[in-house]
Number of protein chains: 2
Amino acid sequence: MFLGTYRHAVDAKGRLAIPARLRERLPEGSVISKGAEGCLRIYPPEEWTREQGEQRLTSLSPAEARRLARMMFGAARECEFDAQGRIVLSADHRSYAGISSTAWVVGVNNVIEIWNDEDWRRIGEATPEEYTRVQDQVAERRRSIDR
Amino acid sequence: MFLGTYRHAVDAKGRLAIPARLRERLPEGSVISKGAEGCLRIYPPEEWTREQGEQRLTSLSPAEARRLARMMFGAARECEFDAQGRIVLSADHRSYAGISSTAWVVGVNNVIEIWNDEDWRRIGEATPEEYTRVQDQVAERRRSIDR
DNA sequence: CACAAAGTGGGGAAAAGTGGGGAAAATGAT
DNA sequence: ATCATTTTCCCCACTTTTCCCCACTTTGTG
């Protein structure tokens, strides 16, 4: 399980240090690809293959399946760390996520997400009121199931 | 698994450098042929034979099967690298894929695809909105399995 | 406060990508 | 069959990118 939010620098060479807490849980062969709402996502190997498997289950025409495969695999790279625990974000990934000199690295359950400042503030941050509302919803939901 | 999207030059002699990351996973005896939506496709040997095997299983009339075999095998060439890691795209392949001075080389799971600029932008590129939609579908799928 | 671990930045060697010259081979015409 | 022309392919040179290594700063911890 990946937890926590970290703000790190992206240097002129596109290098980004993955926080040690998250990195130590990332096995060899993890994959970084493009994610929803304009973030980047790092998948551990099992998560990556699981994702691909589930996509195959969504009944698609051959043409749709080809497009999907091109999107997912074409956008992905193997996640390679240097001796300092950094990965290099490709120019394509940086422009997709709108990342220049800083990035937010966020542990989200089974995956790690990477955001630019602005999008993370907009999408990721939440006020006490929003937490209250969300947790109320969950509680309501549970109540109606338990009954 | 082949991953990633790369834009490379095609020189006056029709030579195209295959990205080192992809090339190192391509065994001797790989095959390049024509693919769907106007791309070229490089198959590792096992993928090539698997493809041909599966096509034999799809119940075709003998005439259709012969036509298919002529198309697939006739369009194919063995994939030969020079000392710099380049292959030569035949004139036929270049005109099929509409490739002149640049090409996109894309890792798509078990095969490598080669595209011209325009077609790749049209077929292969995807916006954050599309990635969001795809991942929504997978999440929906997962929800219905878990239930 | 001292020490260790984590994060940041940059220089330089090595690898990858690009372009062209010229020998060898193939093709075609006389 | 011979010669001319084109094509193929091997080799070399150059440029750009990648990545490996070192050093410094910051943060966290005993």
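Bear in mind the structure is a predicted one, so any value in this text is a computation, not a measurement. By convention in this document, chain letters (A, B, ...) are assigned in the order of the sequence lines, proteins followed by strands, and residues within each chain are numbered from 1.
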A.B. asks: Report yes if some heavy atom in the side chain of A/Arg41 is under 4.5 Å from a heavy atom in the side chain of A/Trp48; otherwise report no.
C.D. replies: no
A.B. asks: Bend angle of the helix from C/dC1-D/dG30 to C/dT30-D/dA1 from five-pair axes at both ends, rounded to 10°?
C.D. replies: 30°
A.B. asks: Would the number of heavy atoms belonging to other residues, nucleotides or ligands and lying under 6.0 Å from CD of A/Glu24 be above 12?
C.D. replies: yes
A.B. asks: What residue among B/Glu125, B/Glu37, B/Glu130 forms salt bridge (Lys or Arg N to Asp or Glu O under 4.0 Å) with A/Arg70?
C.D. replies: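 Exactly one candidate clears the test, B/Glu37.
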A.B. asks: More 5' along DNA chain C: B/Pro19 or B/Ala12, using each one's nearest nucleotide?
C.D. replies: B/Pro19
A.B. asks: Would you say the side-chain atoms of B/Glu118 and B/Trp120 include a donor-acceptor pair closer than 3.5 Å?
C.D. replies: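 No.
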A.B. asks: Under 4.0 Å between any heavy atoms, over every strand shown, what does B/Ile18 touch: base, sugar-phosphate, or nothing? Just pick one.
C.D. replies: sugar-phosphate
A.B. asks: Any non-hydrogen side-chain atom of B/Trp115 less than 4.5 Å from a side-chain atom of B/Leu40?
C.D. replies: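 Not in contact.
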A.B. asks: Go through DNA chain C in 5' to 3' direction and return only the first and the last nucleotide with some atom under 4.0 Å of chain B's heavy atoms.
C.D. replies: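 That gives a stretch of C/dA16 to C/dG22.
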A.B. asks: Considering every strand and a 4.0 Å limit on heavy-atom distances, what is the contact class for A/Leu16: base, sugar-phosphate, or nothing?
C.D. replies: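 Here A/Leu16 touches no strand at all.
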A.B. asks: Is there a side-chain contact between A/Lys34 and A/Asp92, using heavy atoms and a 4.5 Å cut-off?
C.D. replies: yes
A.B. asks: Identify whether the distance between the nearest side-chain nitrogen and carboxylate oxygen of B/Arg25 and A/Glu78 falls below 4.0 Å.
C.D. replies: yes
A.B. asks: Is A/Arg122 salt-bridged to A/Asp119, going by a charged N under 4.0 Å from an acidic O?
C.D. replies: yes
A.B. asks: Going by an N to O cut-off under 4.0 Å, is there a salt bridge joining B/Arg50 and B/Glu54?
C.D. replies: yes
A.B. asks: Do A/Thr102 and A/Asp117 have side-chain atoms, one donor and one acceptor, less than 3.5 Å apart?
C.D. replies: yes
A.B. asks: I'd like to compare against my own output: the B/S/- annotation of nucleotides 8-27 of chain D with a strict under-4.0 Å heavy-atom distance to protein.
C.D. replies: -BBBB------BBBB-----
